[in-house]
Amino acid sequence: MNPYTKFLNLLQGISQLDKYPTMTPLSKLILDQIALHEALGKLLTVREMIGLDQIASPATLHKHLTNLRSSGYVIAKTKDDDKRTKHLVLSPLGHQYVNALSKAVVQAAAT
C-alpha cells in the first residue's frame, strides 16, 4: 500500500471515531479552508467563506458552515474593533480533528 492509500485508510478510521461528528465531503473541504486560513493568520470571515462560489453555491456553503458550527468544529468570533464581522476559527474539537489528521499523514508517510 502506498502512503496516500495508507493515509486514506487512516482517515477513514479517524472519521469513524465516536468523538468526531460525521461530516460531508463538502463540510470537510470547508473545514480545510478554515484551518488553512487560520494557520496562515488570515482568518476567513463568514462573508468570505460564503463568497467561495467555486466550491459551492452560497446557500449550500451557508448550510454546511452552519452544520460545522452546530457540530462543534468551527466557531465564529468577532474582533473587538468590529462586532459585525465574524471570523471563522477552529474550535477545540476542530483542532483535535486536524491534529489527528496531521498525525495520520505523518504515520502514513513514515511507513
Side-chain angles (χ1 to χ4, degrees):
M1 199 179 313
N2 66 42
Y4 182 69
T5 54
K6 286 179 187 177
F7 169 70
L8 292 177
N9 188 38
L10 291 168
L11 175 63
Q12 187 175 33
I14 291 168
S15 298
Q16 293 173 354
L17 293 175
D18 288 338
K19 70 179 185 176
Y20 299 119
T22 58
M23 270 189 279
T24 64
L26 180 54
S27 291
K28 287 179 185 179
L29 182 59
I30 293 169
L31 187 71
D32 289 346
Q33 288 298 311
I34 293 168
L36 178 61
H37 280 79
E38 185 176 329
L40 294 173
K42 296 180 174 185
L43 299 181
L44 274 174
T45 65
V46 172
R47 182 181 302 256
E48 290 168 336
M49 186 72 239
I50 300 301
L52 295 177
D53 58 1
Q54 68 272 25
I55 296 175
S57 72
T60 301
L61 287 168
H62 189 270
K63 178 181 124 186
H64 286 269
L65 184 55
T66 299
N67 289 340
L68 283 170
R69 289 176 66 188
S70 66
S71 65
Y73 285 110
V74 174
I75 300 169
K77 289 187 170 186
T78 58
K79 291 189 176 181
D80 292 333
D81 55 336
D82 185 1
K83 299 286 185 196
R84 296 171 296 169
T85 303
K86 293 187 170 117
H87 294 81
L88 299 168
V89 295
L90 296 177
S91 68
L93 179 66
H95 281 287
Q96 287 176 7
Y97 182 74
V98 168
N99 290 338
L101 294 180
S102 297
K103 289 177 186 173
V105 168
V106 171
Q107 184 179 350
T111 55

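Starting from 1, each residue takes its place in the sequence as its number.
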Shared hydrophobic cluster, [X] / [Y] (ILVMFWY, side-chain heavy atoms < 4.5 Å):
X    : Y   : result
V105 : I14 : yes
V89  : I30 : no
L31  : L52 : yes

Between T5 and N2, a side-chain donor and acceptor under 3.5 Å: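 Their side chains do contain a donor-acceptor pair, which is all the 3.5 Å distance test asks for.
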Distance-only donor-acceptor check, side chains E48 and H87, under 3.5 Å: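 Per modelled atom types, E48 and H87 side chains form no pair under 3.5 Å.
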Working to the nearest 0.5 angstrom, can you tell me the gap between [X] [atom1] and [Y] [atom2]?
X   : Y   : atom1 : atom2 : value
N9  : Y4  : CG    : OH    : 12.5 Å
K6  : L10 : NZ    : CG    : 9.5 Å
T45 : R84 : OG1   : CZ    : 12.5 Å

Tell me whether [X] contacts the main-chain N or O of [Y] through its side chain, where contact means a donor paired with an acceptor under 3.5 Å.
X   : Y   : result
E38 : L90 : yes
H62 : P58 : no
S71 : P21 : no
T78 : K86 : no

Qualifying residue, where the test is side-chain contact (heavy atoms from CB on, under 4.5 Å) with I34 and the options are L43, L29, L65: L65
K42, NZ: over 12 other non-hydrogen atoms inside 6.0 angstrom: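 At most 12 heavy atoms, drawn from other residues, nucleotides or ligands, come within 6.0 Å of this atom.
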Any idea which heavy atoms bring [X] and [Y] closest together, and the distance?
X   : Y   : answer
L26 : A56 : CD2-CB, 3.9 Å
S57 : T60 : OG-OG1, 2.9 Å
A76 : L88 : CB-CD2, 4.2 Å
M49 : L61 : O-CD1, 3.4 Å

Between [X] and [Y], is any pair of side-chain heavy atoms under 4.5 Å apart?
X   : Y   : value
Q33 : I55 : yes
Q96 : Y20 : yes
Y73 : K28 : no

From CA spacing to verdict: side chain to side chain contact (heavy atoms under 4.5 Å, CB included), M23, Y97: CA-CA 11 Å; M23 270 189 279; Y97 182 74; 3.4 Å; yes
